[in-house]
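Scroll down for the structure; my scribbles are underneath it.
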Amino acid sequence: MVAGEASGDLLAGLLIQGLRHRWPHLKSHGIGGPAMVAEGFDALWASHELAVRGYVEVLRHYRRIVSIRNSLKRKLLEHPPQVFIGVDAPDFNLDLECTLKAHGIATIHMVCPSIWAWRPERIEKIRRSVDHMLCIFPFEVELLAREGVDATYVGHPLASVIPLNPDQSHARRLLGLLDDAPTVALLPGSRSSEVEHMAPRLLEAAVLMQKRCPNLQVVLPAVPHLKKKIEALCFGVQVKGLKILEGASHQALAACDVTLIASGTATLEAALFKRPMVIGYHMNWISWQIMRRQRLQPWVGLPNILCHDQLVPELLQDECTPENLAKEALAWLSAPSRVEALKKRFSSLHHELIRNTPGESVHAIETVLQNA
């Protein structure tokens, strides 16, 4: 198995739980993070080593990433597994899966690359590389079937884990927050380059928000291996009472009234927690120029894409300023009827994404093994 960042590690950890229930003596190894390791996974490399986003950012780490992929490829060809499961991280996994499939190893990919949002030409690589796709969104199965790719809709694993009605008061008690004060959660991303670009903007936005709302509580859940980097970026930024958490993003989302959040998987998690959000993203200028030309959708945030509507603000690149972020977040805090309408839309989305994910996934994997 290979999971390339914190969100993939979380999904893969839940999948391993289901696999171990079906095959108690399961042995799994590859690239993973703490959630996978907690389920008995043997991590030959840590998932955060692959957590790079953007063309220029990838180039800076290219030699190291290719070296890891080639080393893992050699290991798997010398000692073939019964099945390889790539979890997200398509730029890394599809190349690896293509080689393994050509050598007769069954390949399964979990989380369909968002070919419906950008870079649709990737379907050719998917067809060559993947025996079976585990889809977390319902419309993807039909799309892949038209292209000759076998797929199963398994639902989004987190939709079955995150409660339909999160307990905000309980989350605040766990984090030592006041129950009657407004709270914002800052989620700057899980990749080092994202944190460098986003954390300063989110922190400055929190400063501006506290000027308008002096009793505002601020929490920032940090991916464990990036906590020191975030603490360094916080130096000199006067956010009163800032709580930097190690992990605990779900507690932070449950506790908050609004979140300032980097575009990515975490935005869907925020939607499942029924929280209003302001999605922001800023990256290297060259990477931005390339990526914006490859978009197929008018939105980048998963909540907006899945609901086919501009439900939450998106502030990208030059628009992603502390002033704009603070303005949009404060607008949520002063519009309770707008928040209630958003929660209803997100509740409907939550129900759509609930499936017996581990059971669905394990059944699909079992089918692939029987036909391999």
Side-chain angles (χ1 to χ4, degrees), residues 6-7 9-11 13-14 34-35 38 136 155-190 198 202 205-206 209 213 215-224 226-227 230 239 241-280 301-303 306-307 311-312 325 328-330 332-333 335-336 338-354 357:
S7 58
D9 172 49
L10 192 56
L11 298 184
L14 293 170
I136 61 174
H156 198 295
L158 294 178
S160 300
V161 173
I162 295 171
L164 287 166
N165 298 295
D167 189 337
Q168 187 178 65
S169 295
H170 178 66
R172 291 193 179 193
R173 286 195 298 274
L174 289 175
L175 297 179
L177 298 169
L178 297 175
D179 210 20
D180 58 352
T183 302
V184 61
L186 311 180
L187 276 75
S190 61
M198 289 302 300
L202 301 189
M209 291 178 71
C213 187
N215 64 335
L216 181 73
Q217 303 178 112
V218 184
V219 293
L220 194 165
V223 177
L226 293 176
K227 189 168 184 245
I230 288 173
V239 181
L242 173 65
K243 285 182 179 286
I244 301 177
L245 314 173
E246 185 163 327
S249 62
H250 284 189
Q251 289 181 12
L253 288 171
C256 75
D257 295 297
V258 64
T259 176
L260 294 173
I261 188 165
S263 178
T265 306
T267 62
L268 180 58
E269 295 175 40
L272 293 174
F273 275 99
K274 326 299 181 300
R275 296 299 179 249
M277 70 191 84
V278 182
I279 298 173
L302 281 171
L306 294 174
C307 294
L311 294 182
V312 298
L325 290 163
E328 295 289 355
L330 288 167
W332 279 120
L333 292 178
R338 183 181 167 214
V339 171
E340 284 306 310
L342 182 75
K343 286 181 177 179
K344 289 179 181 177
R345 293 292 297 273
F346 284 167
S347 290
S348 297
L349 176 63
H350 197 155
H351 282 284
E352 287 176 24
L353 297 180
I354 290 177
T357 303

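Side chains are part of it too, since the values below use all heavy atoms of this structure and drop only hydrogens, waters and symmetry mates.
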Out of curiosity, [X] [atom1] to [Y] [atom2], how far, rounded to the nearest 0.5 Å?
{"X": "Leu272", "Y": "Leu349", "atom1": "CG", "atom2": "CG", "result": "6.5 Å"}
{"X": "Leu216", "Y": "Leu330", "atom1": "CG", "atom2": "CG", "result": "8.0 Å"}
{"X": "Ser160", "Y": "His350", "atom1": "OG", "atom2": "NE2", "result": "7.0 Å"}
{"X": "Leu178", "Y": "Asn215", "atom1": "CG", "atom2": "CG", "result": "8.5 Å"}
{"X": "His170", "Y": "Gln251", "atom1": "NE2", "atom2": "CD", "result": "7.5 Å"}
{"X": "Leu187", "Y": "Arg275", "atom1": "CG", "atom2": "CZ", "result": "12.5 Å"}

Where is the tightest heavy-atom contact between [X] and [Y], given as atom of each residue plus distance?
{"X": "Met209", "Y": "Ala329", "answer": "CE-CB, 3.6 Å"}
{"X": "Ile279", "Y": "Gly301", "answer": "CD1-CA, 3.7 Å"}
{"X": "Ala252", "Y": "Leu245", "answer": "CB-CD1, 4.1 Å"}
{"X": "Met277", "Y": "Ala271", "answer": "CE-N, 3.6 Å"}
{"X": "Leu311", "Y": "Pro303", "answer": "CD1-O, 4.5 Å"}
{"X": "Thr183", "Y": "Ala255", "answer": "CB-O, 4.1 Å"}

Donor-acceptor pair, side chain of [X] and main chain of [Y], under 3.5 angstrom:
{"X": "Gln217", "Y": "Ala181", "result": "yes"}
{"X": "Trp332", "Y": "Val339", "result": "no"}
{"X": "Thr259", "Y": "Ala185", "result": "yes"}
{"X": "Gln168", "Y": "Cys256", "result": "yes"}

Decide yes or no on side-chain contact (heavy atoms from CB on, under 4.5 Å) for Leu158 and Leu353, but give the supporting numbers first. CA-CA 9 Å; Leu158 294 178; Leu353 297 180; over 6 Å; no
For residues Leu11 and His156, determine if any side-chain heavy atom of one lies less than 4.5 Å from a side-chain heavy atom of the other.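 They are in contact (side-chain heavy atoms under 4.5 Å apart), so the answer is yes.
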Leu164 and Ile354: CA distance, side-chain angles, deciding distance, side-chain contact (heavy atoms from CB on, under 4.5 Å) verdict: CA-CA 10 Å; Leu164 287 166; Ile354 290 177; 4.0 Å; yes
Using side-chain hydrogen bond (donor to acceptor under 3.5 Å, both in side chains) as the criterion, list what pairs up with Asp179, not counting sequence neighbours.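 Once residues adjacent in sequence are excluded, the partners of Asp179 under the side-chain hydrogen bond (donor to acceptor under 3.5 Å, both in side chains) criterion are Ser169.
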Apply the test side-chain contact (heavy atoms from CB on, under 4.5 Å) to residues Leu268 and Leu306: give CA-CA distance (whole Å), side-chain angles for both, the deciding distance (0.1 Å), then the verdict. CA-CA 9 Å; Leu268 180 58; Leu306 294 174; 3.9 Å; yes
Glu340: which residues meet the salt bridge (charged side-chain N to carboxylate O under 4.0 Å, His left out) condition with it, sequence neighbours left out?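 For Glu340, the residues satisfying salt bridge (charged side-chain N to carboxylate O under 4.0 Å, His left out) (neighbours in sequence not counted) are Lys343.
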Please list, chain by chain and in numerical order, all residues satisfying salt bridge (charged side-chain N to carboxylate O under 4.0 Å, His left out) with Lys227, sequence neighbours excluded.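 Per chain and number, Lys227 pairs via salt bridge (charged side-chain N to carboxylate O under 4.0 Å, His left out) with Glu231.
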Enumerate the residue pairs fulfilling ring-ring contact (aromatic ring centres under 6.0 Å, His included) with a member in residues 246-274, sequence neighbours excluded, ordered by first and then second residue.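 Counting only pairs at least two positions apart or across chains, the ring-ring contact (aromatic ring centres under 6.0 Å, His included) contacts touching residues 246-274 are His250-Phe273.
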Could you point out which residue of Val258, Thr267, Leu342, Val278 forms a side chain to side chain contact (heavy atoms under 4.5 Å, CB included) with Val312?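 Option passing the side chain to side chain contact (heavy atoms under 4.5 Å, CB included) with Val312: Leu342.
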Residue pairs, two or more places apart or on separate chains, that pass salt bridge (charged side-chain N to carboxylate O under 4.0 Å, His left out) and touch residues 157-174: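 Non-adjacent pairs meeting salt bridge (charged side-chain N to carboxylate O under 4.0 Å, His left out): Arg172-Asp257.
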Return each pair, listed once, that meets salt bridge (charged side-chain N to carboxylate O under 4.0 Å, His left out) where at least one residue sits in residues 180-189; pairs must be two or more places apart or across chains.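 Passing the test, one end in residues 180-189: no pairs.
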